[in-house]
Amino acid sequence: MINTWMGRRAALRPVRAPVTYGIIALCCLFFVVGPASGLSPAYGTGERLLTAQGDYFRRWGVVPAELFSGPPRDLFTPLTALFVHGSWLHLLGNMLFLQVFGVMAEERMGRLRFTLFYVGCGTLALLGYAVANAGSERALVGASGAISAVLGAFLYLFPSARVTSLLPFLFFLPLRFPAWVVLPLWAALQWLAAGRDTSGPGVAYLAHLVGFSLGFLHAWGWQRPGTRVRATAPAPEGEEPQ
């Protein structure tokens with residue numbers, strides 16, 4: 001797996017990405033007050049807590065087998081699932097990727113377009129996964145599909161942006177590569193993992209692929225020929241941008 005982040009912005013003006021940071025705040029808030037965090041005494045401990053977590057995920061997450069045959073409220077779960085996460089690692093990993101790539105994408109798209117883009121692509125990614133796993137009764141939660149869409153759009157809008165990557169087979173040495181190298185590699189890994197996933201829902205690799213494709217296609221269709229942004233990610237403080 002590739003863990004990525006970019007250096008802080010070198011520009012003197014403050015970063016203005018209220019939608020990105022608002023989504024991060026909402027996801028963190030819902031996680032902390034929900035049973036998955038284990039912080040709220042209202043959900044108890046031990047078996048009681050595990051039962052509460054399962055009920056919570058089924059209520060707000062996508063259960064493919066019940067999506068079109070259950071009560072009408074189930075039709076809204078591809079939206080609500082975007083703000084629910086299953087563990088601290090799940091939450092922190094998703095929010096890191098969103099902060100890294102969402103800020104620049106939002107600044108380029110604008111607040112309203114980015115909001116509709118994030119929610120729309122994320123919902124469609126979860127729907128696509130649910131349709132492909134229509135018989136599954138396991139709840140699917142998380143913002144991975146929406147964040148994958150942000151990665152896809154970022155690839156088209158900022159193909160030359162420098163992304164710092166930690167590669168396990170190189171002893172996690174931090175190396176800087178352009179987005180057009182890192183993000184297609186990430187997508188290829190998702191494709192390979194999705195092809196090996198024959199045990200049903202776990203990590204929603206297919207949702208990642210659907211989201212990534214939708215994000216790239218949206219950016220491609222939105223940007224007129226000749227207007228694509230070619231930018232580099234700002235270098236860490238004290239370094240010159242490349």
Side-chain angles (χ1 to χ4, degrees), residues 1-4 23 27 30-31 36 53-87 89-91 93-98 101-102 105 114-156 182-222:
M1 179 175 180
I2 299 179
N3 297 310
T4 63
I23 292 171
C27 289
F30 292 158
F31 181 79
Q53 290 174 349
D55 293 342
Y56 185 80
F57 296 149
R58 292 187 70 86
R59 176 177 177 81
W60 301 110
V62 179
V63 181
E66 301 175 1
L67 183 58
F68 299 109
S69 60
R73 69 175 179 83
D74 287 350
L75 296 175
F76 294 95
T77 56
L79 173 60
T80 59
L82 295 177
F83 300 93
V84 179
H85 291 82
S87 67
L89 183 61
H90 188 201
L91 172 73
N94 274 353
M95 296 305 100
L96 173 62
F97 270 76
L98 179 56
F101 296 99
F114 182 79
T115 301
L116 297 176
F117 161 79
Y118 181 91
V119 172
C121 289
T123 299
L124 290 174
L126 292 180
L127 278 173
Y129 183 84
V131 170
N133 295 274
S136 172
E137 296 185 356
R138 295 186 61 182
L140 175 65
V141 297
S144 300
I147 296 171
S148 297
V150 174
L151 268 61
F154 189 97
L155 173 61
Y156 186 85
V182 174
L183 295 181
L185 177 58
W186 175 87
L189 292 176
Q190 305 306 300
W191 177 274
L192 293 174
R196 294 197 304 267
D197 185 14
T198 58
S199 59
V203 177
Y205 295 111
L206 180 59
H208 298 175
L209 289 172
V210 173
F212 187 85
S213 301
L214 289 173
F216 186 89
L217 291 173
H218 174 83
W220 172 76
W222 166 52

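Predicted, not measured: the structure shown is a model, and the values here were computed from it. Numbering of residues begins at 1 and proceeds along the displayed sequence.
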Can you give the donor-acceptor pairs under 3.5 Å from side chains of residues 116-127 to other protein atoms, not counting sequence neighbours?
| from | atom 1 | to | atom 2 | distance (Å) |
| --- | --- | --- | --- | --- |
| Thr123 | OG1 | Val119 | O | 2.8 |

Are side-chain heavy atoms of Val150 and Phe114 found at a separation under 4.5 Å? yes
Residue pairs passing the salt bridge (Lys or Arg N to Asp or Glu O under 4.0 Å) test with at least one member in residues 56-65, sequence neighbours excluded, are Arg58-Glu66
Here the salt bridge (Lys or Arg N to Asp or Glu O under 4.0 Å) pairs for residues 213-222, sequence neighbours left out, are none
Hits for ring-ring contact (aromatic ring centres under 6.0 Å, His included) against Phe31, two or more places apart or cross-chain, chain-then-number order -> Trp88
Value for CG (Leu140) from CG (Asn133), rounded to nearest 0.5 Å, stands at 8.5 Å
Closest heavy-atom pair, Ala130 versus Pro64, reported as atoms and distance to 0.1 Å, is O-CB, 3.6 Å
On a heavy-atom basis, the closest approach of Ala36 and Phe57 is CB-CZ, 3.9 Å
OG of Ser144 to OH of Tyr205, rounded to nearest 0.5 Å, is 10.0 Å
On a heavy-atom basis, the closest approach of Tyr56 and Phe30 is OH-O, 3.7 Å
Between Val141 and Gly61 the two heavy atoms that sit nearest each other are CG1-CA, 3.6 Å
Output for pair (Trp222 CH2, Leu217 CG), nearest 0.5 Å, gives 14.5 Å
Query raised in the report: Looking at side-chain heavy atoms only, is the closest gap between Val210 and Tyr129 below 4.5 Å?
Result: no
Only distances under 3.5 Å count here; give the side-chain donor-acceptor pairs of residues 77-85 to other protein atoms, sequence neighbours excluded, each with its distance to 0.1 Å.
| from | atom 1 | to | atom 2 | distance (Å) |
| --- | --- | --- | --- | --- |
| Thr77 | OG1 | Asp74 | O | 2.6 |
| Thr80 | OG1 | Trp60 | O | 2.7 |
| Thr80 | OG1 | Thr77 | O | 3.3 |
| His85 | NE2 | Asn94 | ND2 | 3.1 |
| His85 | NE2 | Ala143 | N | 3.4 |

